[in-house]
Amino acid sequence: MNNTADTVTITNNNSGDTVTLPLMRGTKGPDVIDIRRLYAEFGCFTYDPGFTSTASCDSKITYIDGGEGVLLHGGYPIDQLAEKADFLEVCYLLLFGELPNAEEFSRYSESVTRHTMLHDQLASLLKGFRRDAHPMAVMVGVVGALSAFYHDKLDIFDPEQRRMASIRLVAKMPTIAAMAYKYTIGQPFVHPSNSLSYAENFLRMTFAVPAEPYINSPVLSRAMNRIFVLHADHEQNASTSTVRLAGSSQANPYAVISAGISSLWGPAHGGANEAVLKMLEEIGSKDRIEEFLRRAKDKNDPFRLMGFGHRVYKNHDPRARVLKESAEEVLTELGVRDDPLFALAMELEQIALDDDYFIEKKLFPNVDFYSGIILKAMGFPTSMFTVLFAVARTAGWVAQWNEMSGDTGQKIGRPRQLYVGELQRNFVPLDAR
Ligand code: SDX
């Protein structure tokens, strides 16, 4: 990190107290005020619910310019990675900061491939869920339960054990996700095949049935790979911040990633792709779009236009652009280009982008707006959409967790608060209340 000599001085206009704090400058993006001495020297906390103006860490993994609609992983633009990279190349880039050469890629892919199978007891654990359990509930439970199978390999201060845990998590997430799906539809689990790519392997485990041969579709595999790449990492979003905070207590990596899955599940975050499909199905036809836009703008109505808006992007989400192109390609290849939901989504996008409210508040389609349409066309039920997001985001979570765990200056995360409760008072016995 390139610190500069710049400083800022804060003055309390009542008491006249001042404090001078260093400004820190990264490679790109806004400078940050280093407030680590603020409370000790100035007696105040900062106040930033939702962390809209707070940098929680320094990181080399991902850069986002929300104003310009830029997303870089290790300096590489997301549209180039989505177009040209295998998902495991991106996993390697997020973890090590460089795209792998052929030998590195072969070694990393081989490591991941060798760890795609699950301990058989985990299949028994999974079968303890109800058949109608939401697959995200299964992911939270089974991924957390992995802690019970590697208890002798959980020393997070050992880089080799962190590397192995990262390999195991990236490798096993597709297997668990496919099993969660098969379990809900009552079909037998399909074991991983080491001869297939990451995306091909996941599609086969999800859609193959023992009764007939499974033919990989290059179009669907390419679309799956692209969706995984587009969802791999995204700076310090809610689930990644959950992973960092859980990891800062030195919890084991499986419990930490399970916490990230739980946070991603929310409809304001990774659950939005499922919510978009439900919203489009509820809107039903183009003539009801205005009614839903009115609701989205009504402060007294909790309805939000799902798949629109973003904490950081105040311009187009670059991932949404790639996904929109991908949607057209996949739907055309599958012969469902005139899918009414896709047509409705494009009409809704156009009307919203021309609407003053959405223009003024800089609300553009985000990564979740088109992903669900592609996933539905590929044959996934809406309940699996966020599961796929979690499979992809595991690459970013383990990279961010490794970056944090490898930082010797790392402390346990422990924010403070603005207390607005009661002053001290004495206990009142029940019969006197
Ligand atoms: C993801 O952080 C990441 O990087 C996340 C993610 C990743 O890759 O990890 O990109 C993935 O989570 C994408 C976002 C998916 N969520 C949705 O699509 C749900 C719908 N979107 C909204 O809930 C909302 O836009 C958020 C949660 C995404 C962002 O909310 P913010 O940044 O807290 O913004 P806000 O709620 O303060 O909204 C600002 C204004 C508000 O109006 P005012 O109070 O200023 O009058 O915009 C309005 C909001 O009411 N607004 C919307 C809206 N989103 C914001 N109004 C209608 N529809 C919307 N979708």
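Just follow the structure's listing: the first ligand is 1, and inside any ligand the first atom is 1. Model, not experiment: these values are computed from the prediction.
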Going by the order shown, which atoms of ligand 1 are within less than 4.0 Å of some heavy atom of [X]?
{"X": "A272", "answer": "15 (C), 16 (N), 17 (C), 18 (O)"}
{"X": "D368", "answer": "1 (C), 13 (C), 14 (C), 15 (C)"}
{"X": "R311", "answer": "29 (C), 31 (P), 32 (O), 33 (O)"}
{"X": "A268", "answer": "12 (O), 14 (C), 15 (C), 16 (N), 27 (C)"}
{"X": "G307", "answer": "17 (C), 18 (O)"}
{"X": "L363", "answer": "47 (O), 51 (N), 52 (C), 53 (C), 54 (N), 55 (C), 56 (N)"}

Under 4.0 Å, counting heavy atoms only: does [X] come that close to any atom of ligand 1?
{"X": "V312", "result": "no"}
{"X": "R393", "result": "yes"}
{"X": "E235", "result": "no"}
{"X": "R319", "result": "yes"}
{"X": "G50", "result": "no"}
{"X": "F303", "result": "no"}

Handout entry: Heavy atom of protein inside 4.0 Å of atom 33 (O) of ligand 1, strictly below
Key =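 Looking at atom 33 (O) of ligand 1, one finds that a protein heavy atom does lie closer than 4.0 Å.
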
Handout entry: Heavy atom of protein closer than 4.0 angstrom to atom 51 (N) of ligand 1
Key =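 When distances to the protein are checked, atom 51 (N) of ligand 1 has a heavy atom within 4.0 Å.
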
Exercise for the section: Please determine if A238 has a nitrogen or oxygen closer than 3.5 Å to a nitrogen or oxygen of ligand 1. Expected result: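 So ligand 1 has no N or O lying under 3.5 Å from an N or O of A238.
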
Exercise for the section: Could you tell me whether F358 and ligand 1 have an N or O pair separated by under 3.5 Å? Expected result: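 Checking ligand 1 against F358, no N or O pair falls under 3.5 Å apart.
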
Handout entry: atom 24 (C) of ligand 1 [closest protein heavy-atom partner, distance rounded to 0.1 Å]
Key =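 The closest one turns out to be F308 O, 4.3 Å.
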
Exercise for the section: Examine the proximity of ligand 1 to F369 and report which part, side chain or backbone, both or neither, has a heavy atom under 4.0 Å away. Expected result: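 No part of F369 is near ligand 1 at this cut-off.
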
Problem - Sidechain N-carboxylate O distance under 4.0 Å for E403, R244 - result: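 Between R244 and E403 there is a salt bridge, with a charged N closer than 4.0 Å to a carboxylate O.
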
Practice task
Please assess T394 against V143 for the test side chain to side chain contact (heavy atoms under 4.5 Å, CB included), listing each intermediate value before the final yes or no.
Solution key: CA-CA 11 Å; T394 296; V143 172; over 6 Å; no

Exercise for the section: Verify salt bridge (charged side-chain N to carboxylate O under 4.0 Å, His left out) between E110 and R114, making sure each step is shown before the conclusion. Expected result: CA-CA 6 Å; E110 177 68 13; R114 291 269 161 243; 2.7 Å; yes

Problem - side chain to side chain contact (heavy atoms under 4.5 Å, CB included) assessment of L21 paired with D34 - result: CA-CA 6 Å; L21 299 166; D34 180 348; 5.7 Å; no

Exercise for the section: Answer with yes or no after comparing the ring centroid distance for F358 and F308 against a 6.0 Å cut-off, counting only values under it. Expected result: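 When the ring centroids of F358 and F308 are compared, they turn out to be within the sub-6.0 Å range.
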
